[in-house]
*Asks:* 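Sharing a structure here in structure tokens format.
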There are 2 protein chains.
Amino acid sequence: MLEVAKKVALTRPAVRTDADLTGSTPPLGKPTMATIRDVARAAAVSTATVSRVLNGTARVSDETRRRVSEAAKRLDYWPNGSARSLIHSRTQTLGVLLPDIFGEFFSEVIRGIDKAVRDAGLQVLLSSSHSSAEGLLSAAKAMAGRVDGFILMAPDLEAESAVDRIRKRFPLVLLNPRTQTPGTVSVSIANYEGAFAAVSHLIRLGHKRIAIVAGPMGNADSDERLRGYRAALVAHDIEPDERLVLTGAFTEVSGYEAGSRILRLRPAPTAVFAANDGMAIGLISRLSEGGVRVPDDVGVMGFDDIPTARYLAPPLSTVRTDAYELGACAVSGLLDVLGAEGEVLDLRWVMPWDLVIRRSCGALHGPRGSLTTTTPETTSEPAQSRGPILQREEESC
Amino acid sequence: MLEVAKKVALTRPAVRTDADLTGSTPPLGKPTMATIRDVARAAAVSTATVSRVLNGTARVSDETRRRVSEAAKRLDYWPNGSARSLIHSRTQTLGVLLPDIFGEFFSEVIRGIDKAVRDAGLQVLLSSSHSSAEGLLSAAKAMAGRVDGFILMAPDLEAESAVDRIRKRFPLVLLNPRTQTPGTVSVSIANYEGAFAAVSHLIRLGHKRIAIVAGPMGNADSDERLRGYRAALVAHDIEPDERLVLTGAFTEVSGYEAGSRILRLRPAPTAVFAANDGMAIGLISRLSEGGVRVPDDVGVMGFDDIPTARYLAPPLSTVRTDAYELGACAVSGLLDVLGAEGEVLDLRWVMPWDLVIRRSCGALHGPRGSLTTTTPETTSEPAQSRGPILQREEESC
DNA sequence: CTCGAGCATGAAAACGTTTGCACGCCACCC
DNA sequence: GGGTGGCGTGCAAACGTTTTCATGCTCGAG
């Protein structure tokens, strides 16, 4: 039984005042807008001069400048972006291709991209849900001539070939690339290291039987985090048990479902590492429903440190990776590539990361070592007048 | 003390393998790509014929078709989008201007837009963080000639003038417009009605002293929800108390901070209506820290029903408004406007909404009446094999 | 055999900009 | 008083497409 099925089923307009075609007002939107030629005519100059005035690209006499400016304003002239792009072979636009945009992680990535792009006076052409090579390729093709380069995230194995073809045509920054290709710039999250640290932390708290809710198979991020999980176990002389490896889909629901499976595991694990916070949220919810207390009965750690992580009950221990900065850095990297005239840049950035120990893993105080630990108080008490969420906006890339 | 201050402070690359300019490979990205003329030359035909073949826009002999296709493939020809836009005066692109893109609500709106746009074979030019009129206007100006129309959300009072100017130039769909302007199509959330229902529900549960954590002042959505809150009180003969009206910013932090203020209120409210789920999350977190139990000591309701709402502890009672559908409907509406040749459409859609009663408000079973209520079991148990989140994608607009 | 119809194709204009080049004008200097 | 610059401006080409129009060809009917 779906909660809100009834009303929502009819998704088309609930209220819909009728359409009417008013003959009085001139058909809005239709009157083709003023072009540079109209302005030129109105100011009694050539289009060249109008262009020069409006772009400040050459000296123009005060009198003409005045006339042109006045005419442009009177006609409400807005230059045509496509025409400019065509002439300059520069679109001032960055293409962004993502596998998905569900959840807070991607939301933050996009926010970071948007901010950085806006600061640079550019624009963003966005498209998502690309897991297949054809999908990715056709999206890129549709953007050809409208973007100067791409920010591309393609964690799915089968999309790899498309990435190669796009690389040949466009300046590119890869997000979390599966492999580092020479002559490419990429920005990555420390998937392996973060997972390794998170699981190691659980181990150091005394856990020996640790399950993982991984992401979908064939997904690069998921694979790396799984690898980190296994390596941490091995490094601490714990035999990995494949029955403790569950597969999710990076969504809350899938975490919830994994929770059901975990409840049935015998012997039960004493801790669970969820490969992202979204799944951790669903997981904790399900465990609580099953009468299993977090962290008393089972410790949980997530990955991402999405904005809501700290507000959960219990506050979620997780691997902090700044998705906002990831996006911002990708933009910065692409700008570098675009700036490097023809030179082939070979850069690989890995975003800083950190363990954030809150309550869900059961450690009130972190273990000795280099990990950042916080007491419960500092964990949930936002600093000063503004919380970390706002603060993050001020960090530069 | 910020949790993760240290490592994250240095946001620039932690690892950065050096740049090297390989002289061997031809400077990637530089070799200007094949144009339609190159294809024409290679196939020994005119550009007109190439265009005809590639677009299937006129009959071409089998032999020429073959030659052209082969040449296009061999040269890896990708048509230039800007040139096409210029000629057609159609860009196949929708501009999306949002006030912000923080949090799950906007994330879902964008996701809905992206999906609908992709299904229609179009593209999205995205820009956000527009609260001032100038900001909005300059963003729109930069998109002129690159988009066919706009999806525009401008809840801030001061941006109103910019909306008017944009309306004069472009086909437009407004999201949650402040006022309904004739000759405009808009898609709205039932802010007033939803808030009214949520607060009424709290009242029916027996609450008399109900606080609200509102959004920022001057924000259309916030204002409407506040109005609904007040109206519900009045409708049930409860005198509104201005000391119970707190202001937030639609973020988790601001909800958290409002929680601090609520803890100090005397006499304490027995219920709180948070104007969005994000603030509800922060609020509940702060209340729990203060030793106040939700829902036992104070009932809480939110607004939006973001994906994580159902997984919170306690699961959040809230007003369900489908942000994903909101975005999808906006696209559908804009397509209608673009399709209506010059005709002025005057449409106002209001999205369906619903109360989702979970646990945070304290009602195990909803009250009598037309409200959709769910028992705890159905509330948190995802339907069948796939949860509502996935299911939502299948609803058409 | 001639004529017209129909088909396949090419030439060129157009979309709205920017910019290289040339031109005319004025002031200045020997 | 005739060069010499420099300044302000216009003409026209160019960017990469699509599309209108014209043209040449083939084929069938009369």
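A note on names: the letters A, B, ... follow the listed sequences, proteins ahead of strands, and every chain is numbered from 1. These values consider heavy atoms only, across backbone and side chains, with no hydrogens, waters or symmetry-generated copies. Bear in mind that the values here come from a model prediction, so they are computed numbers and not experimental data.
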*Asks:* Of B/R167, B/Q180, B/R348, which is the lone residue that meets side-chain contact (heavy atoms from CB on, under 4.5 Å) with B/L174?
*Replies:* B/R167
*Asks:* Side chains of A/P99 and A/P155, heavy atoms from C-beta outward: is any pair under 4.5 Å?
*Replies:* yes
*Asks:* Taking it one step at a time, do B/V96 and B/F150 satisfy side chain to side chain contact (heavy atoms under 4.5 Å, CB included)?
*Replies:* CA-CA 6 Å; B/V96 175; B/F150 283 101; over 6 Å; no
*Asks:* I'd like to check B/L334 versus B/P171 (side-chain heavy atoms, cut-off strictly below 4.5 Å). Are they in contact?
*Replies:* yes
*Asks:* Do B/R146 and B/S82 pair up side chain to side chain, a donor and an acceptor below 3.5 Å, judged on atom types alone?
*Replies:* no
*Asks:* What residues in residues 38-52 of chain B put a non-hydrogen atom under 4.0 Å from any atom of DNA chain C?
*Replies:* B/A44, B/V45, B/S46, B/A48, B/T49, B/R52
*Asks:* Side chains of B/S129 and A/K115: does their closest heavy-atom pair fall under 4.5 Å?
*Replies:* no
*Asks:* Send over the distance from A/L54 CG to C/dT17 P, rounded to a whole Å.
*Replies:* 10 Å
*Asks:* Is the shortest side-chain heavy-atom distance between A/F106 and A/M153 below 4.5 Å?
*Replies:* yes
*Asks:* Are A/R111 and A/S107 close enough that some pair of their side-chain heavy atoms sits under 4.5 Å apart?
*Replies:* no
*Asks:* With side chain to side chain contact (heavy atoms under 4.5 Å, CB included) as the criterion, how do B/L175 and B/L152 come out once you've worked through the C-alpha distance, each side chain's angles and the decisive distance to 0.1 Å?
*Replies:* CA-CA 6 Å; B/L175 253 29; B/L152 176 46; over 6 Å; no
*Asks:* Would you mind telling me which of B/R67, B/R66, B/R74 makes a salt bridge (Lys or Arg N to Asp or Glu O under 4.0 Å) with B/E70?
*Replies:* B/R74
*Asks:* For DNA chain D, find the residues of residues 139-147 of chain B with a heavy-atom distance under 4.0 Å and give them by number; none if there aren't any.
*Replies:* none
*Asks:* Can you give the first and last nucleotides of DNA chain D, 5' to 3', that have an atom under 4.0 Å from a heavy atom of chain A?
*Replies:* D/dG8 to D/dG16
*Asks:* Ring pair (Phe, Tyr, Trp, His ring centres under 6.0 Å): which pairs involve residues 35-58 of chain A, sequence neighbours left out?
*Replies:* none
*Asks:* Check whether any side-chain heavy atom of B/H130 sits under 4.5 Å from a side-chain heavy atom of B/L98, and report yes or no.
*Replies:* no
*Asks:* Between CG of B/L345 and OG1 of B/T184, what distance do you get to the nearest 0.5 Å?
*Replies:* 10.0 Å
*Asks:* Taking the side chain as every heavy atom from C-beta outward, state whether B/C329 and B/Y324 have any pair of such atoms under 4.5 Å apart.
*Replies:* no
*Asks:* Strictly below 4.0 Å, heavy-atom distances to any atom of DNA chain D: list the hits from residues 66-93 of chain B, or just say none.
*Replies:* B/Y77, B/W78, B/P79, B/N80, B/A83, B/R84, B/I87, B/H88
*Asks:* Taking C-beta and beyond as the side chain, do A/V45 and A/V68 meet within less than 4.5 Å on heavy atoms?
*Replies:* yes
*Asks:* How sharply is the helix from C/dC1-D/dG30 to C/dC30-D/dG1 bent, taking the axes over five pairs at either end and rounding to 10 degrees?
*Replies:* 70°
